[in-house]
Amino acid sequence: MHLHERVRSLTQGTPRPGPVVYWMGRDQRVRDNAALVHAQVRAREARVPLVVAFNLVPSFLGATLRQYDFMLTGLEEVAADLEEKNIRFYLLRGDPAKNIPAFVREIGAGALVGDFEPLHIKQGWKRAVTRTITIPFDEVDARNIVPCWVASEKREFGAYTIRNKIHRNLDRFMEALPSIKKHPHRLSHARHRIGWQELREGLDVDASVAPVAWIKPGERAALKRLRAFVRYGLAHYESDRNDPAKDGQSNLSPYLHFGQLSSHAVAREVIASDAPKEAKEAFIEELVVRRELADNFCFYNRHYDVYRGLPDWARTTLDKHKRDARPHRYSLQKLEEAATHDDAWNAAQTEMVVRGKMHGYMRMYWAKKILEWSPSPTAAIRNAIYLNDKYELDGRDPNGYTGIMWAIGGVHDRPWGERPIFGKIRYMNYAGLKRKFDIGAYVERQLKASSSQSNIR
DNA sequence: ATCGGCTCGCGCAA
DNA sequence: TGCGCGAAGCCGAT
């Protein structure tokens, strides 16, 4: 068991006798949650109650009702499951930098545990909390199979530089986590009632981006989809995943993003399945190497979502081409309306707006075209992130930032033949889509989906 | 259909 | 120090 390697101390503090508080962040689940396990271990050792607190912020990096609804429905399930384990769940609202220290004081907490998140806004919250509290505060990497700081101590250049570092640690960290046990010590405070429905209805967020009906939020729904994918989809994953005209992807990313599903659970099911070895390897590569590389990029590069964060060679070449003529130029509004001359691009944009999830291959094409049609790479990155974060269920994720930075800025990629606008950034064009896929079928499907209301709840 | 070139930085072997 | 190689690319030559 290597739980201690997943934990790093944000502040040693002075332990007190009170309950252990797990401040739940991006790992919104009860099963396979190393942060929750660590918190319970601490609480059992100290013979004190265990409490989970989630801090809901009134707005978060442009999140819309679609994403808030998905998250809150999942949290409602978490709260009920924790209750059965004798673990109290609190929902706080407002600024976590104020709320968490106040909450810790109010219930007389003895120690604080958080889950690891590389996004700067969340690291900022944790820094502020660390400065205010006096009790110990541990951070646990509950998302990555190989903890981010164990896999590598620096920003990796590409997948090939991190792959070995992950694989040589993989078996060790694949060991199953203990399950959460019924907690022996009960909190004496009065029960905290949460009006989930009122909460959802009272949110002051952009409600024009509606929840979607094709995917059900929550830990149980996530496990169900995982098992269906492993049974029916995994065998064809390698051959079908990159074809936008096929339904070859796992569709697990919304669950993984909100931590309703753990990489551990997914990897375990995939490894145990009898799918062909190649399919399993291809999937594990995506699930583990690529996702954990994205966390590495964001954790070790504070400019993970802006032009400055691109590699030197990429900025040099993009700078050289920044005054190149742009034969097609679209405003953010035209992009958002899917009103370009390119029907495949419009279909991808529509898929994202209607469904909350664009096909993975099209995400690359989509972002590269935004570079081609924008006044500058800076604007391209900004607008791609804006759209991604507004509509995708898995917006605001290290994967999303890294993917956009890969497509527009050559992150984790290599230089390719020089051409206008792109410079040496890898280029993609419509002819490639036509050559490789039945792109007409993809366009057709998105048109149909957008004209029906079946995807809107 | 398939192959090599495009071109930079990193890891690793030597 | 040199060599091999890299997320999905394109393009032209065969």
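Every chain is numbered from 1, with letters handed out A, B, ... down the list of sequences. Quick caveat, the model's predicted, so the values are computed rather than measured.
Among the atoms of the strands shown, none is found under 4.0 Å from any heavy atom of A/Glu418. Within 4.0 Å (heavy atoms only), A/Arg241 reaches no atom of the nucleic acid at all. No engagement by A/Asp312 is indicated, since no non-hydrogen atom pair under 4.0 Å with the nucleic acid exists. Among the protein residues, A/Arg435 comes within range of the sugar-phosphate backbone only, with heavy atoms under 4.0 Å from sugar or phosphate atoms but none that close to a base. Looking at heavy-atom distances under 4.0 Å, A/Met364 makes contact with a base. Nucleic acid contact class of A/Arg419 (heavy atoms, under 4.0 Å, all strands): sugar-phosphate only.
Taking atom CD1 of A/Ile162 as the reference point, atom P of B/dG9 lies 20 Å away to the nearest angstrom. Rounded to whole angstrom, the span from the CZ atom of A/Arg414 across to the C1' atom of B/dC10 amounts to 13 Å. To the nearest angstrom, P of C/dG9 lies 13 Å from CE of A/Met362. The separation between A/Arg155 atom CZ and B/dG11 atom P is 13 Å, rounded to whole Å. Between A/Ile425 atom CD1 and B/dC6 atom C1' the separation is 14 Å, expressed in whole Å. Atom-to-atom, CZ of A/Arg163 to P of C/dG4 comes out at 19 Å; the value is rounded to the nearest Å. Nucleotide C/dA7 holds its P atom 18 Å from the CZ atom of A/Arg291, rounded to whole Å. The CG atom of A/Asp413 sits 13 Å away from the C1' atom of C/dC5 (whole-angstrom rounding).
Residue A/Tyr160 places a side-chain atom within donor-acceptor reach of the base of B/dG9, judged by atom type and a 3.5 Å distance cut-off alone.
Looking at the side chain of A/Lys154, the nearest of the listed nucleotides C/dG9, B/dC8, B/dC10 is B/dC10. Here B/dG11 is the nucleotide among B/dG9, B/dG11, C/dG9 with the atom lying nearest to any side-chain atom of A/Lys165. Distance from the side chain of A/Phe157 is smallest for B/dG9 among the nucleotides B/dG11, B/dG9, C/dA7. The side chain of A/Arg290 lies closest to C/dA7, out of C/dC11, C/dA7, C/dG9. Listed nucleotides: B/dC10, B/dC8, C/dC10. Nearest to the side chain of A/Thr161: B/dC10.
Nucleotides C/dC11 and B/dT7 place their C1' atoms 15 Å apart, quoted to the nearest Å. If you take atom P in C/dA7 and the same atom in B/dT2, they sit 23 Å apart, rounded to whole Å. Taking the P atoms as reference points, C/dC5 lies 14 Å from B/dA14, given to the whole Å. The gap from the C1' atom of C/dG4 to that of B/dG4 amounts to 16 Å, rounded to the nearest Å.
Take A/Phe157 and apply the ring-ring contact (aromatic ring centres under 6.0 Å, His included) test, not counting sequence neighbours, and it matches no residue.
Neither side chain, A/His412 nor A/Glu156, offers a donor N or O lying under 3.5 Å from an acceptor on the other.
Relative to the six-membered ring of A/Trp125, A/Arg127 misses at least one condition, a distance below 6.0 Å or an angle of at most 45° to the axis. The side-chain tip of A/Lys368 does not point at the ring of A/Trp345 from less than 6.0 angstrom away and within 45° of straight on. Both tests pass for A/Arg355 against the ring of A/Trp214: distance under 6.0 Å to the centre and angle within 45° of the axis.
Dashed line: the shortest gap from a side-chain N or O of A/Lys424 to OP1 or OP2 of B/dC6 is not under 4.0 Å. Between A/Lys434 and C/dC10, a side-chain N or O to OP1/OP2 separation shorter than 4.0 Å is absent. Contact between the side-chain N/O atoms of A/Tyr361 and the OP1/OP2 oxygens of C/dG9 is found at a separation under 4.0 Å. Between C/dA7 and A/Asn242, no contact under 4.0 Å exists linking OP1 or OP2 to a side-chain N or O.
With salt bridges taken as basic N to acidic carboxylate O contacts below 4.0 Å, none links A/Arg26 and A/Asp115. Salt bridge annotation for A/Asp81-A/Arg220: present, with a cationic side-chain nitrogen under 4.0 angstrom from a carboxylate oxygen.
Across all strands shown, B/dC3 pairs with C/dG12; the Watson-Crick or G-U wobble distances both stay below 3.5 Å.
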